[in-house]
Q: 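Let me give you the structure first, and then I'll get to my questions.
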Amino acid sequence: MKFNTLFKISAVTAALFLAGCGGDINVTPTVNNGGGSGSDGGGADGGGGDSGSGADCASYGDVQGSYDGQDCNYDTDFASATIEIDEDITFEELPDGGVHVFEGALQIGVDCDTTTSCEINQNGPVMTVEPGATLAFTSGEAIVQVARGAQLNAIGTFDKPITFTSANAFDRLNVTGDAPRFADWGGIIVNGNGQTNQCTNAQRAADTCNIESEGIVSYYGGNDNADDSGSMKYVKIWYAGSGPREGGDGDDLNSLTLNAVGSGSSYEFLHIHQGYDDGVEFFGGAANIKNIVFTDNQDDSVDIDAGWQGKAQFLFIKHGTVDVDGNTVGMGNGGFEADGEKNNGPDYDEVPPSAPTIANVTVITTDLKSERDDAPSIATKFDDNFQGQMYNVLKIKENGTADDGCIFFTSDGEAGVDNGELDFYNSVLACTNNFVNTGDNTFGDGETYSAWYPNDGVNEVLDGSATVLNDDGISSDMSSSITIAANDLTELNDDFFTPVDFIGALSDDDTSSEWYQWVETAVAAADAD
């Protein structure tokens with residue numbers, strides 16, 4: 001996978017999906033080759049921009065982006081770390097391949113710590129991104145941040161997806177000469193009013209649940225797991241995120257951060273590629289995700305924490321490599337990092353540990369270590385009493401070393417099994433090493449890892465040489481090595497879950513489906529990058 005072969009505006013680019021994702025406030029990413037302003041020409045001023053040639057740059061109040069004949073440019077007078085936009089704003093598709101270019105942070109809604117004199121505006125502004133629109137960000141100081149009570153609605157179509165990406169993906173905007181790369185910008189942060197076990201029961205009752213988001217200071221949390229912070233569909237988020245701040249391990253920016261976002265929001269048909277931290281991270285809440293592709297994200301593709309109670313189906317996760325300045329870099333630590341709780345005990349017991357229902361997942365690992373933290377590529381890490389139910393999951397590791405495997409339990413993670421709340425159903429391990437060796441690999445009740453996973457024959461354990469994918473490299477082969485049947489999911493009695501007859505993220509029975517084509521195109525783009 002070569003950085004210098006993709007996302008230069010060319011015929012190759014037109015054939016593949018465009019990139020996505022934006023920047024970071026008051027954080028210097030560990031890797032950031034997109035620093036400074038990469039936009040061509042003037043930003044907004046108080047008089048409004050030139051919207052000639054039929055292009056309407058976004059505006060609020062008397063401030064508007066500046067049109068240069070192809071792109072809409074938004075300087076730090078329009079959007080920055082010190083500006084909170086408190087009006088509805090819309091970003092349209094621009095003609096002739098034009099993009100919306102940002103130098104600074106795009107903050108929607110007014111942030112509020114309710115222990116001070118402010119109140120959350122629960123009918124806050126809405127940021128709308130229309131089908132086909134592309135938003136590009138020039139530096140790690142550029143993010144999209146949505147305050148509690150505000151909404152981000154980015155609803156594309158299959159034929160006109162929405163893109164959030166690095167400005168370096170476009171020759172005319174690339175002032176550094178570097179190819180687009182992870183950590184070129186900071187990502188998307190959505191702050192919701194949902195429940196998180198980072199707050200006490202008393203804080204939620206008193207409306208004083210105010211958790212600081214990782215990476216920047218903004219607040220989330222409340223008592224409404226049906227909260228609606230907007231939705232995203234047919235969206236690509238590329239080259240985003242940042243590593244830990246100096247002295248702040250774990251204080252990162254992800255491609256998409258869902259902070260206590262409720263079930264009123266949904267996230268479907270996303271492609272999250274080459275984020276420097278996690279692809280998506282949940283801190284509590286109950287937002288649902290479906291039809292998501294994760295390729296070459298540095299840390300975890302899906303990071304779950306603080307009592308997430310949502311649902312997920314059809315997740316395709318693939319670790320790989322990229323070429324950085326002539327060096328091959330491993331991309332991917334965990335397919336999942338699954339954490340149950342930040343806090344527990346009687347003061348926090350109204351929000352249980354994370355207990356999502358997740359179905360139809362494929363995780364393809366490598367035998368490499370991630371560039372970000374030199375950690376091995378694994379399928380799943382379980383920690384902090386995680387209690388999810390997992391159906392039709394396919395985990396693959398063709399090769400491995402002594403210190404990696406498909407599943408890793410911390411001692412706290414074993415509690416989910418000991419409590420009888422963490423199980424797999426109709427799932428397959430096709431791994432050289434099934435479990436990361438942590439000693440005797442025995443749960444507190446004396447059951448071994450290798451005895452637990454089969455679940456009395458409901459699941460199947462193969463090895464790394466098993467044939468579990470078809471020749472396309474993405475769909476599950478249900479006729480070769482796999483001998484168990486899929487769970488059709490009807491027993492869940494939940495309209496969110498689509499009935500299936502296959503294990504893993506997708507089948508080759510219908511290669512004309514949008515989901516199959518979404519995965520196929522996304523993986524082709526990642527492989528060429």
Side-chain angles (χ1 to χ4, degrees), residues 267-270 280 288-294 301-302 304 308 310-318 334-336 338 354-365 378-382 386-397 406-407 416-417 421-431 434 452-464 466-470 472-511 513-516 518-520 523:
Y267 300 86
E268 303 176 69
F269 282 94
L270 308 185
V280 60
N288 300 321
I289 60 174
K290 198 168 190 176
N291 300 107
I292 317 292
V293 181
F294 302 88
S301 293
V302 180
I304 298 166
W308 180 50
K311 294 172 280 193
Q313 189 180 20
F314 303 129
L315 308 181
F316 184 90
I317 298 168
K318 188 173 187 291
F336 285 80
S354 302
T357 302
I358 298 174
N360 292 98
V361 178
T362 297
V363 184
I364 302 174
T365 68
I378 65 174
T380 306
K381 173 185 176 182
F382 292 115
F386 179 81
Q387 300 184 359
Q389 303 291 292
M390 321 283 277
Y391 295 82
N392 299 331
V393 177
L394 173 60
K395 300 181 180 183
I396 302 169
K397 178 176 282 294
C406 270
I407 297 177
V417 176
E421 302 292 344
L422 170 58
D423 276 305
F424 284 85
Y425 302 92
N426 306 84
S427 296
V428 174
L429 279 178
C431 307
N434 294 321
W452 160 76
Y453 181 83
N455 198 7
D456 295 326
V458 172
N459 303 313
E460 186 165 29
V461 179
L462 303 172
D463 60 39
T467 302
V468 293
L469 295 178
N470 291 301
D472 57 17
I474 56 176
S475 63
S476 300
D477 181 347
M478 296 294 295
S479 62
S480 296
S481 299
I482 298 173
T483 64
I484 62 171
N487 189 304
D488 66 10
L489 306 177
T490 55
E491 67 189 55
L492 298 180
N493 195 28
D494 189 325
D495 290 342
F496 172 83
F497 292 100
T498 302
V500 296
D501 60 1
F502 57 89
I503 295 166
L506 74 163
S507 165
D508 68 345
D509 287 345
D510 184 7
T511 58
S513 70
E514 286 191 354
W515 173 229
Y516 185 94
W518 187 259
V519 177
E520 183 180 46
V523 170

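Just so you know, these numbers come straight off a predicted model, no measurement behind them. The figures here come from the full heavy-atom set of this structure, side chains too, leaving out hydrogens, waters and symmetry mates.
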Q: Could you tell me which non-hydrogen atom of W518 sits nearest to which non-hydrogen atom of V293, and how far apart they are?
A: CD1-CG2, 3.7 Å
Q: Have a look at F314 and tell me which of V361, V500, V519, I289 forms a side-chain contact (heavy atoms from CB on, under 4.5 Å) with it.
A: V500
Q: Could you check whether any side-chain heavy atom of N459 comes within less than 4.5 Å of a side-chain heavy atom of L429, counting everything from C-beta outward?
A: no
Q: Side chains of D423 and W452: closer than 4.5 Å at any heavy-atom pair?
A: yes
Q: Quick one: do the N360 and Q313 side chains pair a donor with an acceptor below 3.5 Å?
A: yes
Q: Can you find a heavy atom in the side chain of I364 that is under 4.5 Å from one in the side chain of L469?
A: yes
Q: Do the non-hydrogen side-chain atoms of V280 and I292 ever get within less than 4.5 Å of each other?
A: no
Q: Does any non-hydrogen side-chain atom of L492 lie less than 4.5 Å from one of N487?
A: no
Q: To the nearest 0.5 angstrom, please state how far the OG atom of S427 sits from the CG atom of L394.
A: 8.5 Å
Q: Determine whether W515 and D510 make a side-chain contact, defined as any pair of heavy atoms from C-beta on separated by less than 4.5 Å.
A: no
Q: Please check: side-chain N/O of K397 versus main-chain N/O of A379, any donor-acceptor pairing under 3.5 Å?
A: no
Q: Taking Y391 as the fixed residue, which of F424, F502, Y425 is the one that meets the ring pair (Phe, Tyr, Trp, His ring centres under 6.0 Å) rule?
A: Y425
